Amino acid sequence: MPLRPLLSSLTRHKLTVLLLVLQVGLTCAIVCNVVFMIVNRTAQLRQPSGLAEDELVTVESIGLDENENPLTRHAADVAALRQIPGVRSVAAVDALPFNGNDWSNGIATTPNAETDLTATAYNGTPGELGTLGLHLVGGRDFLPDEYLPMDSAHDWAGINHVPVTIITRALAERLFPGQSALGKEIYPGDNPVRVVGVVDHLLRPQLREAVGNEYSTLLPLLPDTVDISYVLRTAPQERERVLQQASDVLNQLDGNRILRKSQTFTQLRDDYFRRNRTMIGLLLAAAAGLLFVTALGIAGLASFWVQQRRRSIGIRRAIGATRGDILRYVQTENFLIVSGGTVLGMLLAYAVNLWLMTHYELPRLPFLYLPIGAVLLWLLGQGAVLGPALRAAAVPPVVATRAD
């Protein structure tokens, strides 16, 4: 079909065509980024934490006695919790994936090096690795004599004295690409720390968009704060009972404390991602609403033009145009408008993504989303204009002989 008559017809309605092109362009730009955000957030929901999630319960204890020795209290609590029937192991930890207590520090492979690479530092009592269910893919767990108290009064002073660390596979591959990280030295502080183990997965307590969510380290530092989380590992069917008994045991040992966030790890994860699930629902609704409004705009404009052109369509039918010719004309005209909008939309999509990267740490929009968005808008446009196109094709030749 010759394009010149089509383009000539469109230039006679410049403002209307421009407005529809802008609408399609904005829809394409917004939908591409919304779909990317939905996919990104959905992927976060499914990320493995690295823990034995269906076997863990947690209780946060906040001591109220300022004169009490936290290390002594933690040791007594862990010993008592370990006696609960059905408990396989217990550890006192300062942070967990999804609990938000993200204590990060810079990581380098050479001393005094400037680095923008940060990793979460997890600290806990002996047995933390087994209690959490972390899977070692290389190396070993910490030895009893490698643990040191973390001197919280001196701004993480203990980090400069730990001899060894365990890191995640993702961090190992980032620091030592193509090499084994075991036996290598890293610098989470001023002094070197030797890598003695690598775990498969361990997410950060606070997930982010633009940084490695599996850049985590385990340090043999004993938490010495009054605010501590106890993690108990048990059989999945025993979690609720163990959770209740754990609170009772801790209160009996020392009632001068506050217990909060007594929950299974599954509940902890669900609570963390509640906003994400709500956001995914809102984004889906917004994208669907925007596509619906755009489809209405395309269909409404096409219906208006068909109504205006009934006489000229009848003339074309009278001189030999078939219904198929009229149908193709209307759809091709709409295809050109939507194509102009999608080209503009793809440029706007990258501009919007750059703004989101700057202000909200969103990753770069993959190029694949642009052609997918364009195809979606083309299909939407052709579907929306199908009804008016069929009505145009049904205009009889006799219309050409009627007076206005």
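The first residue in the sequence is number 1, and the count goes up from there. Because only heavy atoms are used, hydrogens play no part in the values below, and waters and symmetry mates are left out as well, while side chains stay in. Here the structure is a predicted model, which means the values were calculated and not measured.
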Lys/Arg N to Asp/Glu carboxylate O, D77 vs R73, below 4.0 Å: yes
Hey, is R233 close enough to E55 for a salt bridge, meaning N to O under 4.0 Å? yes
Testing the basics here: between [X] and [Y], what is the closest heavy-atom pair and its distance to 0.1 Å?
| X | Y | value |
| --- | --- | --- |
| T234 | G86 | OG1-O, 2.7 Å |
| P192 | E185 | CB-OE1, 3.5 Å |
| P223 | I228 | CB-CD1, 3.5 Å |
| P97 | L51 | CG-CD1, 3.8 Å |
| A349 | N33 | O-ND2, 3.0 Å |
| R204 | L207 | O-CD2, 3.7 Å |

Dump the intermediate steps for side chain to side chain contact (heavy atoms under 4.5 Å, CB included) on L202 and L218, then the final yes or no. CA-CA 10 Å; L202 179 56; L218 290 157; 4.1 Å; yes
Side chains of [X] and [Y]: donor-acceptor distance under 3.5 Å anywhere?
| X | Y | answer |
| --- | --- | --- |
| R239 | T266 | yes |
| S49 | E53 | yes |
| T118 | S104 | no |
| D248 | Q244 | yes |
| N123 | D94 | yes |

Backbone of [Y] reached by a side-chain donor or acceptor of [X] within 3.5 Å:
| X | Y | result |
| --- | --- | --- |
| E214 | R169 | no |
| N105 | P188 | yes |
| Q245 | V242 | no |
| R241 | P85 | yes |
| N334 | G381 | yes |

Below 4.5 Å, heavy atoms only, C-beta onward: do [X] and [Y] meet side chain to side chain?
| X | Y | answer |
| --- | --- | --- |
| P70 | T225 | no |
| L291 | L376 | yes |
| T322 | D325 | yes |
| V198 | L182 | yes |
| V24 | T342 | yes |
| V93 | Y122 | no |
| L348 | L26 | yes |
| Q83 | V249 | no |

Aromatic ring pairing Y272/F98, orientation class (parallel under 30°, perpendicular over 60°, tilted between): tilted
Assess the residue pair R88 and T131 against the criterion (side chain to side chain donor-acceptor pair (under 3.5 Å)); give the C-alpha distance rounded to whole Å, side-chain angles, the decisive distance to 0.1 Å, and a yes or no. CA-CA 8 Å; R88 299 176 184 174; T131 299; over 6 Å; no
List the steps and the verdict of side chain to side chain contact (heavy atoms under 4.5 Å, CB included) for I107 and L175. CA-CA 9 Å; I107 298 289; L175 293 172; 3.7 Å; yes
Starting from the C-alpha separation in whole Å, work towards a yes-or-no answer on side chain to side chain contact (heavy atoms under 4.5 Å, CB included) for L259 and E60. CA-CA 6 Å; L259 298 181; E60 184 176 344; over 6 Å; no
Enter the distance from [X]:[atom1] to [Y]:[atom2] here, rounded to the nearest 0.5 Å.
| X | Y | atom1 | atom2 | value |
| --- | --- | --- | --- | --- |
| F335 | L377 | CZ | CG | 11.5 Å |
| S229 | K261 | OG | NZ | 7.5 Å |
| L365 | M37 | CG | CE | 10.0 Å |
| L380 | I298 | CG | CD1 | 5.5 Å |
| K184 | I167 | NZ | CD1 | 10.0 Å |
| N213 | Q206 | CG | CD | 9.5 Å |

Listing request: all salt bridge (Lys or Arg N to Asp or Glu O under 4.0 Å) pairs with a residue in residues 128-145, at least two apart in sequence or in separate chains. R140-E146
Do V199 and V137 pass the side chain to side chain contact (heavy atoms under 4.5 Å, CB included) test, and can you show the C-alpha distance, the side-chain angles, and the key distance before you say yes or no? CA-CA 5 Å; V199 295; V137 293; over 6 Å; no
Start with the C-alpha distance between T120 and S216, add both sets of side-chain angles, then the distance that settles side chain to side chain donor-acceptor pair (under 3.5 Å), and finish with yes or no. CA-CA 5 Å; T120 294; S216 303; 4.7 Å; no
Enumerate the residue pairs fulfilling ring pair (Phe, Tyr, Trp, His ring centres under 6.0 Å) with a member in residues 20-66, sequence neighbours excluded, ordered by first and then second residue. F36-Y369
Steps toward side chain to side chain donor-acceptor pair (under 3.5 Å) verdict (S339, W378): CA-CA 7 Å; S339 295; W378 280 324; 2.9 Å; yes
Can you confirm whether R277 is buried at CZ, in the sense that more than 12 heavy atoms of other residues, nucleotides or ligands lie under 6.0 Å from that atom? yes
Do other residues, nucleotides or ligands put more than 12 heavy atoms under 6.0 Å from R194 CZ? no
side-chain contact (heavy atoms from CB on, under 4.5 Å) with T58: which residues, sequence neighbours excluded? L96, V231, Q263
